[in-house]
Amino acid sequence: MSVTVCHYPSGASKWNPIEHRLFSQISRNWAGHPLRSLDTMLALIRGTTTTTRLQIKAILDTTVYAKGIKISLQDMAALNMRRRRLCPNLNYTIRPNKSGNS
């Protein structure tokens, strides 16, 4: 399977059309409610819908992720990665290696 990744530049989440469209609805839904717990916050987010009936699913991810993991230059070089012409550091496609090894 090939995977194409397109990042938004740092600090540019306002360009994300989904986030932009939903955050105002979420803010309206929890207006006036004290956000005293994660359960309360998640329930208010889950209860948000739009006039076009778009529903939001929200879960609490309690996974502890390792920090500071570095990928070696050798591992990066082994990726079958093709950068896009437009913003190549933010847009690229990773394809399986022909040998089947990653």
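- Interatomic distance, CD of Q25 versus OG1 of T49, reported as 8.0 Å (0.5 Å rounding).
- Partners of T63 by side chain to side chain donor-acceptor pair (under 3.5 Å), not counting sequence neighbours, listed by chain and number: D61.
- Take N29 and apply the side chain to side chain donor-acceptor pair (under 3.5 Å) test, not counting sequence neighbours, and it matches T48.
- Put simply, the side chain of N97 gets close to the backbone of A78: a donor and an acceptor are under 3.5 Å apart.
- Partners of H7 according to the side chain to side chain donor-acceptor pair (under 3.5 Å) rule, which considers only residues two or more places apart in sequence or in another chain, are Y92.
- Across every non-hydrogen atom of D75 and S72, the tightest pair is N-OG, 3.0 Å.
- In the hydrophobic cluster analysis, where Ile, Leu, Val, Met, Phe, Trp and Tyr join through side-chain heavy atoms closer than 4.5 angstrom, I26 is grouped together with L60.
- When all heavy atoms of R95 and S2 are compared, the closest pair comes out as CG-OG, 3.1 Å.
- A 6.0 Å sphere centred on CZ of R82 holds no more than 12 heavy atoms belonging to other residues, nucleotides or ligands.
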Side chains of residues 36-47: which donor-acceptor partners sit under 3.5 Å, not counting sequence neighbours?
residue : atom : partner : partner atom : Å
S37     : OG   : T40     : N            : 3.0
S37     : OG   : T40     : OG1          : 2.9
R46     : NE   : A58     : O            : 2.7
R46     : NH2  : A58     : O            : 2.9

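- Within a 6.0 Å sphere centred on CG of L35, other residues, nucleotides and ligands contribute more than 12 heavy atoms.
- Judged as a ring-ring contact (aromatic ring centres under 6.0 Å, His included), not a single pair has a partner in residues 40-85 (not counting sequence neighbours).
- Remark: T50 pairs with T52 by the side chain to side chain donor-acceptor pair (under 3.5 Å) rule, at least two apart or across chains.
- A chain of hydrophobic side-chain contacts below 4.5 Å, direct or via other Ile, Leu, Val, Met, Phe, Trp or Tyr residues, connects I71 to V3.
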